[in-house]
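Okay, so here's the structure we're looking at.
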Amino acid sequence: MEKELLYPITNDYRFDQSLDGMWDFKFDSRANGLVEGWQNGLPNSIKMPVPASFNDFFTDKDSREYTGDFWYSKRFFVPSMLENRTIAIRFGAATHRVVVYVNGIEIRQHEGGFLPFQADVTNAIRFGEENVVSLKLNNELSRETLPAGDTITLKNGKKMVKPFFDFYNYSGLNRSVHLVALPTQRITDFTAVTKLENGKAYVDYTVALLNQTDTKISVELADDTGKTVAKSEGDTGTLVVNQPVLWQVRDAHLYRMSIKLFKQDQEIDEYSDLIGLRTIEIKGHQILVNDKPVYLKGFGRHEDSIYAGRAYDRNVEKRDYELMKWMGANSFRTSHYPYDEEAYRFADREGFLIIDEVPAVGFKMAAASFLGGLDQSFFDGDWIEQLYEKHLDQIVDLIKRDKNHPSVLAWSLFNEPDTSTDSAVPYFKKIFNATANLDPEKRPRTFTLSEDDTFETSKCKQFPDFYLLNRYPGWYHKWGYEISEGEADLRQEMDQWQASDIEKPIVFSEYGADTEPGMHKLPSVMWSEEYQVELLEMFGRVFDDYDFIQGEQPWNLADFQTVEGNMRVNGNKKGLFTRDRQPKEAAFGLRQRWQNM
Ligand SMILES: CCC[C@@H]1NC[C@@H](O)[C@H](O)[C@H]1C(=O)O
């Protein structure tokens with residue numbers, strides 16, 4: 001659980017320098033880098049881009065599939081003028097775990113490959129000189145890690161991951177690295193929660209400090225013209241905005257919240273960030289934004305692109321937003337892990353709603369179906385206690401990092417966990433109880449129900465504030481000419497939800513068909529573009545017949561890289577767009593449906 005996750009900025013008190021670029025890189029297959037002194041720098045290393053996954057740069061299989069310890073290292077200068085400040089290195093993510101060394105001294109460790117963390121290096125660096133940061137990463141999976149899987153050792157001695165999910169185990173420094181200099185007495189966090197009443201916005205805020213002695217706080221809110229519209233003082237308070245311009249879905253308006261810290265009337269720190277004035281509520285079968293019902297049109301996505309793997313690439317993000325806007329979308333789920341912080345800033349600006357998901361994926365032994373399936377309940381495993389600690393830790397940090405984004409609609413605490421056995425219930429009860437008050441705004445919490453976890457079979461329907469359904473009739477069962485049976489089964493389940501006393505919205509968070517771009521067949525067959533069109537049309541017909549269905553997010557926005565398997569053709573091809581972001585036939589049909597909604 002990180003203490004400080006504020007996004008790095010530069011101003012008169014704070015300094016932020018990127019350490020992105022080419023780093024030294026070296027595999028440590030015998031895990032003896034530490035003994036050989038790699039914490040002081042890497043001998044006989046190669047150069048590796050940061051941010052990037054290392055996997056797809058290589059031409060040999062052993063390097064691409066490498067599993068185990070591997071090191072990054074970089075020399076960096078710290079100017080003397082930064083003395084008397086806290087010096088830290090902030091990592092956007094390191095996948096999946098890391099030990100941080102500076103000038104040979106171990107600074108800290110971090111577990112969890114999709115959230116930021118900060119290493120305070122003040123006592124290890126030398127001012128006015130070159131310093132060296134060395135990182136020992138590890139990308140193995142286990143049943144007590146997020147995401148879940150196994151790691152095996154082959155007869156040839158090579159390690160290999162066996163994920164309980166299908167996205168590729170891209171590894172490395174997948175997000176930006178920053179060198180930051182901070183005031184020793186400083187702002188470490190803030191919250192801003194909006195209420196709307198009688199045409200005014202009331203922003204209840206809190207400010208957290210490191211070392212509060214003799215300090216005072218002032219807070220201002222400025223509109224997008226820079227005009228101050230509200231002021232307050234103190235570490236908690238309410239900013240009152242007359243005639244607020246609200247943050248609306250696909251019509252975003254942002255305000256800049258500026259916090260100033262004074263000591264004996266002298267300003268010693270300032271932090272500002274953009275917020276949106278809006279409210280979110282689940283009411284009966286509806287999702288309300290600013291008291292108005294919203295129907296979610298969007299996608300499950302992946303951070304995935306050619307060459308850099310899972311690395312955050314703002315060029316890809318920009319193209320994905322242009323595609324989603326072209327489609328008439330208004331939302332997406334960060335399947336199956338927290339995305340880079342910039343992706344949420346895109347959504348804040350574009351007025352997109354985000355279902356923000358932790359990497360609690362693979363919590364289902366049958367999902368290891370690429371490995372022939374493992375027949376037992378995941379929640380009966382002896383790994384559950386360890387897993388719970390890491391799971392809660394990552395939910396805490398996810399909410400701490402993303403709580404002030406107007407785009408965040410809800411928190412997804414699992415993807416397709418096995419909720420078909422009683423042993424799931426105590427685990428879910430602990431997670432949902434422990435996370436009930438983490439979000440100051442108390443946004444809805446949910447998880448995706450896999451297609452084996454139906455209205456009849458799931459034992460955990462009592463927990464979510466609304467439902468995310470992953471359903472694959474027409475693909476994983478009742479496929480091809482049998483699709484009419486698949487539709488009938490789906491309608492039967494929807495009738496059960498409708499007949500129940502459950503008064504919560506349902507969003508379809510996954511449905512789709514693998515589709516080979518350019519494959520055409522009349523009449524359609526599976527894998528053809530025509531089949532994907534017909535399957536999505538089938539789902540559209542069902543959605544239109546049940547008013548408690550309040551959202552549709554087909555799987556996936558784009559094709560993406562997966563593990564190898566006899567059910568994958570160089571990746572998952574359920575994208576509405578190809579991996580290089582060009583449309584398949586189904587994109588045009590779905591666009592027309594959404595334009596007319
Ligand atoms: C029946 C499970 C479907 C599965 N759901 C999780 C996604 O991460 C996968 O990509 C998707 C698929 O297999 O296409």
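If you're wondering where the values come from, they're calculated on a predicted model, not measured in any experiment. Ligands are counted one by one from 1 in listed order, and the atoms in each one are counted from 1 as well.
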For Glu140 and Lys159, run salt bridge (charged side-chain N to carboxylate O under 4.0 Å, His left out): C-alpha distance rounded to whole Å, both residues' side-chain angles, the deciding distance at 0.1 Å, then the answer. CA-CA 9 Å; Glu140 296 176 39; Lys159 285 183 181 177; 2.8 Å; yes
Does Thr419 offer a backbone N or O that forms a donor-acceptor pair with the side chain of Thr421 under 3.5 Å?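 Checking the backbone N and O of Thr419 against the side chain of Thr421, no donor-acceptor pair under 3.5 Å is found.
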Kindly say whether Ala343 contributes a backbone atom to a donor-acceptor pair with the side chain of Tyr321 at under 3.5 angstrom?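 At least one qualifying donor-acceptor pair exists.
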Would you list the atom pairs, donor with acceptor, under 3.5 Å between side chains in residues 500-508 and any protein atom, with sequence neighbours excluded?
from, atom 1, to, atom 2, distance (Å)
Ser500, OG, Trp497, O, 2.7
Ser500, OG, Ile502, N, 3.1
Lys504, NZ, Pro464, O, 2.7

Any heavy atom of Phe167 closer to ligand 1 than 4.0 angstrom?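 In this structure, Phe167 fails to qualify as a contact of ligand 1 - no heavy atom is under 4.0 Å.
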What atoms in ligand 1 come closer than 4.0 Å to a heavy atom of [X]?
X: Tyr472; result: 1 (C), 3 (C), 11 (C)
X: Arg568; result: 12 (C), 13 (O), 14 (O)
X: Lys574; result: 12 (C), 13 (O), 14 (O)
X: His336; result: 6 (C), 7 (C), 8 (O)

Salt bridge present between Glu516 and Lys584 (N-O < 4.0 angstrom):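 No, Glu516 and Lys584 are not salt-bridged.
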Here's one to test your reading of the geometry: is the NZ or CZ of Arg143 within 45 degrees of the ring axis of Trp383 and under 6.0 Å from its centre?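 Yes - Arg143 lies over the ring of Trp383, closer than 6.0 Å to its centre and within 45° of its axis.
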Does Arg64 count as lying over the ring of Tyr168, i.e. NZ or CZ under 6.0 Å from the six-ring centre, within 45 degrees of the axis?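 Judged by the rule, Arg64 and Tyr168 form a cation-pi pair.
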Under 4.0 Å, heavy-atom basis, I'd like to know which part of Phe560 is in contact with ligand 1: side chain, backbone, both or neither.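 Side chain only.
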Report the part of Phe165 in contact with ligand 1, treating N, CA, C, O as backbone and CB onward as side chain, heavy atoms under 4.0 Å; options are side chain, backbone, both, neither.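 It is neither part, as no heavy atom is under 4.0 Å.
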For [X] and ligand 1, does the shortest N/O to N/O distance drop below 3.5 Å?
X: Glu510; answer: yes
X: Glu451; answer: no
X: His302; answer: no
X: Trp555; answer: yes

Test side chain to side chain contact (heavy atoms under 4.5 Å, CB included) applied to Val425 - qualifying residues, sequence neighbours left out: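 Once residues adjacent in sequence are excluded, the partners of Val425 under the side chain to side chain contact (heavy atoms under 4.5 Å, CB included) criterion are Lys459, Cys460, Gln462, Phe463.
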